[in-house]
Peer 1: 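Handing you a structure now.
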Number of protein chains: 2
Amino acid sequence: MSEPTDCGPSCPTLGATGLPELADLAVLVRSTVADVADRHDLTPMQGRLLCLLLDGPLRMAELARRLGVEKAALTGLVDRAERRSLVERRAVPGDRRAVLVALSDAGTSAVSVFHADAADALDAMLGDLTEEERAAFRRMAATVVASASASASASAVG
Amino acid sequence: MSEPTDCGPSCPTLGATGLPELADLAVLVRSTVADVADRHDLTPMQGRLLCLLLDGPLRMAELARRLGVEKAALTGLVDRAERRSLVERRAVPGDRRAVLVALSDAGTSAVSVFHADAADALDAMLGDLTEEERAAFRRMAATVVASASASASASAVG
DNA sequence: TATTGTTATACTCTATAACTATA
DNA sequence: TATAGTTATAGAGTATAACAATA
C-alpha cells in the first residue's frame, strides 16, 4: 500500500484541505472575503471588480487583465454589476470601440464599506499572531505578490 | 472628492486587486493552483476533492463539511469526478443511506502528481524569500489556519 | 488588417428547496 | 421523526469561438 502523505523529507504536511499550508490559507482568505461580500450583498468577484475601480474608471481590456479573466467573461461580470447599478459603462472619447467601466454612486458607497470590512476581517484572521509577526507576514505576502507580478510582466514582455 | 485609498493610518494599501496583501496573496495562490490543476486536466475543485481523499475514503457529509460546500453541491462534484473515473461511490456497511467516496486507481495516480506539482509551484512562489522567511511564513500560515479551524469548531459547539 | 468589445455556447461550481430512502 | 444523499432549479463565473464595429 502506498502512503500518500509520506512523500519525502520536504513534503508539505497535508492540512485541512489536503494541500500545503499556503493553499489552506488561500481557501480561508477566500471564504472570509466571501462572507464579508455576502453580508454586503455582493459576490466575491463583484467585490474584486469594485475594488479595482476605487482608483478610477478602467477600460474593459485593462480590467480583464487585472482580474485575470478573458474579455468575454468580463462582459458578463460588468453586465451583472451594471444591472445591479454598481457600475456604469461610459464612452471613451477618441475611440468609439472602447468602453470605460466606472463605479456608480451606489457602487462607490458599497465598495467603501466592503473594502473596510474585508480589511478588518482579514486583520482579525491574523489575530493569533503577535504584532511583529503580523507585520512580517504582510510584508512577506506583499513581496511574494510583487515578485509574481514582476515575473508575469517579464514573461509578457520577453 | 473622496480619496478612497486614503482611509487612515492603518489602512491596508490597495494592492494588485485593490484589496489587502492577504487577499492578493490568496488570488495568486488560487491562480497558481488552478494552473497546476489545468496542466493535470483537473478543475481546482477536483484537485481539492482528490487531495482530501488521499488519507482514505470519506462520506459525503464529511467531505461536504471539509470542502465547505452544501451536500447538494457535493453530489454534483462527485458526479463529475466519478464520470471522469477519478473517484468511486461505495456502500457503507451498516447504513444503507450513506455513501463512501474513494479515490479510484486513476484518481490516486492523478492526485499524487497533482499534489506534488502544486506543492512545488507554491514553493516556487515563495522563491524571493529567504529560507528562514519561508519557514516563518509557512508556520504563520499554519497558525492562522489552525486558529480559524479552532474557532469554527468552537462556534459549531457553543 | 488589427483591435475592442459582445454574443453564442457549453461547462463547472454553488445555493435553496423539495424529494427519496433509510434509520 | 431525523438523517444521508439526490434531484430540480436557478444563477454566477469561466473559456472558446465567432462576430460586429471601429481604428
Side-chain angles (χ1 to χ4, degrees), chain A residues 17 26-27 30-31 33-35 37-52 57-84 86-102 156, chain B residues 17 26-27 30-31 33-35 37-52 57-84 86-102 156:
Chain A
T17 64
V27 168
R30 185 174 175 72
S31 96
V33 172
D35 284 350
D38 204 58
R39 283 201 292 277
H40 291 285
D41 200 29
L42 297 172
T43 66
M45 194 61 187
Q46 282 173 341
R48 280 183 68 197
L49 173 62
L50 299 186
C51 282
L52 277 177
L58 292 173
R59 286 190 179 202
M60 293 292 285
E62 175 63 11
L63 205 42
R65 193 187 64 73
R66 296 208 201 175
L67 286 171
V69 303
E70 291 298 316
K71 59 185 181 172
L74 182 60
T75 294
L77 292 175
V78 171
D79 282 350
R80 288 186 289 276
E82 194 169 32
R83 198 182 310 144
R84 298 198 37 205
L86 296 166
V87 303
E88 49 196 40
R89 281 176 166 96
R90 292 183 191 161
V92 173
D95 189 344
R96 297 200 310 192
R97 296 171 305 180
V99 167
L100 211 51
V101 184
Chain B
T17 63
V27 168
R30 185 174 175 73
S31 96
V33 172
D35 284 349
D38 204 58
R39 283 202 291 278
H40 291 285
D41 199 30
L42 296 173
T43 67
M45 195 59 187
Q46 282 174 341
R48 281 182 68 198
L49 173 62
L50 299 186
C51 283
L52 277 177
L58 292 173
R59 285 189 179 202
M60 293 292 284
E62 175 63 12
L63 205 41
R65 192 187 66 72
R66 296 208 200 175
L67 287 172
V69 303
E70 291 298 317
K71 59 184 182 173
L74 182 59
T75 294
L77 292 175
V78 171
D79 282 351
R80 289 186 290 276
E82 194 169 31
R83 199 183 307 144
R84 298 197 38 206
L86 296 167
V87 302
E88 49 195 41
R89 281 177 165 95
R90 293 183 190 161
V92 173
D95 188 344
R96 297 199 312 191
R97 297 171 304 179
V99 167
L100 210 51
V101 183

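A, B, ... follow the sequence lines: proteins, then strands. Residue 1 opens every chain. Side-chain atoms are counted along with the backbone in the values below, which use heavy atoms only and exclude waters and symmetry mates.
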Peer 1: The side chain of B/T43 lies closest to which of these nucleotides: C/dT12, D/dA15, D/dG5?
Peer 2: C/dT12
Peer 1: Should A/R97 be listed as having a side-chain N or O under 4.0 Å from OP1 or OP2 of C/dA2?
Peer 2: no
Peer 1: Measure the shortest side-chain to side-chain distance between A/L67 and A/M45 over non-hydrogen atoms and say whether it is less than 4.5 angstrom.
Peer 2: yes
Peer 1: I need the B/R80 CZ to B/T75 OG1 distance, nearest 0.5 Å.
Peer 2: 10.0 Å
Peer 1: Quick one: B/R59 CZ to C/dT22 P, roughly how many Å, whole number?
Peer 2: 15 Å
Peer 1: I need the CG-P distance between B/L63 and C/dT14, as an integer number of Å.
Peer 2: 12 Å
Peer 1: Please round to the nearest 0.5 Å and tell me the distance separating atom CZ of A/R59 and atom CZ of A/R97.
Peer 2: 8.0 Å
Peer 1: Atom CD of B/Q46 to atom C1' of C/dC11: distance rounded to whole Å?
Peer 2: 12 Å
Peer 1: Please tell me which of A/E70 and A/D95 maps to the more 5' nucleotide of DNA chain D, matching each residue to the nucleotide holding its nearest heavy atom.
Peer 2: A/E70
Peer 1: Rounded to whole angstroms, how far apart are CG on A/L74 and C1' on D/dA12?
Peer 2: 14 Å
Peer 1: When you get a sec, tell me which of D/dT6, C/dA21, D/dA12 is the closest nucleotide to the side chain of A/R80?
Peer 2: D/dA12
Peer 1: Once hydrogens and angles are ignored, does a donor-acceptor distance under 3.5 Å link the base of D/dT22 to the side chain of A/R96?
Peer 2: no
Peer 1: May I ask you to decide if A/A26's main-chain N or O and B/R30's side chain share a donor-acceptor pair within less than 3.5 Å?
Peer 2: no
Peer 1: For the atom pair CG (B/L77) and CG (B/L86), what is the distance rounded to the nearest 0.5 Å?
Peer 2: 12.0 Å
Peer 1: Taking for each residue the nucleotide of DNA chain D bearing the nearest heavy atom, is the 5' side occupied by A/P44 or by A/K71?
Peer 2: A/P44
Peer 1: What's the closest nucleotide to the side chain of A/V69 if the choices are D/dA21, D/dT14, D/dA4?
Peer 2: D/dT14
Peer 1: Rounded to the nearest Å, what distance is computed from the CZ atom of residue A/R65 to the C1' atom of nucleotide C/dT3?
Peer 2: 17 Å
Peer 1: Could you say whether A/M60 or B/R83 is positioned toward the 5' end of DNA chain C, judged by the nucleotide with the nearest heavy atom to each?
Peer 2: A/M60
Peer 1: Hey, does A/R89 reach any base, or is it just sugar-phosphate, or nothing, if we go heavy atoms under 4.0 Å?
Peer 2: sugar-phosphate
Peer 1: For the side chain of B/M45, starting at C-beta, report the closest nucleotide among D/dT7, C/dC13, C/dT6.
Peer 2: C/dC13
Peer 1: Are any of the side-chain heavy atoms of A/H40 and A/L50 separated by less than 4.5 Å?
Peer 2: no
Peer 1: In this structure, how many angstroms lie between the C1' atom of C/dA15 and the CG atom of B/L77, rounded?
Peer 2: 12 Å
Peer 1: Can you measure A/D35 atom CG to C/dT14 atom C1' for me and round it to whole angstrom units?
Peer 2: 14 Å
Peer 1: To the side chain of A/V99, which of C/dA8, D/dG13, C/dG5 is closest?
Peer 2: C/dG5
Peer 1: If you check the B/D79 side chain, which of D/dT7, D/dA17, D/dT22 turns out closest?
Peer 2: D/dT7
Peer 1: Within the structure shown, what part of the strands sits under 4.0 Å from B/R84 by heavy-atom distance: base, sugar-phosphate, or nothing?
Peer 2: nothing
Peer 1: At 4.0 Å (heavy atoms only), tell me whether B/A61 reaches a base, stays on the sugar-phosphate, or touches nothing.
Peer 2: sugar-phosphate
Peer 1: Atom CG of B/L42 and atom C1' of C/dC13: how far apart are they, to the nearest Å?
Peer 2: 15 Å
Peer 1: Of the listed nucleotides (C/dA15, D/dT7, D/dT14), which one gets closest to any side-chain atom of B/A73?
Peer 2: C/dA15
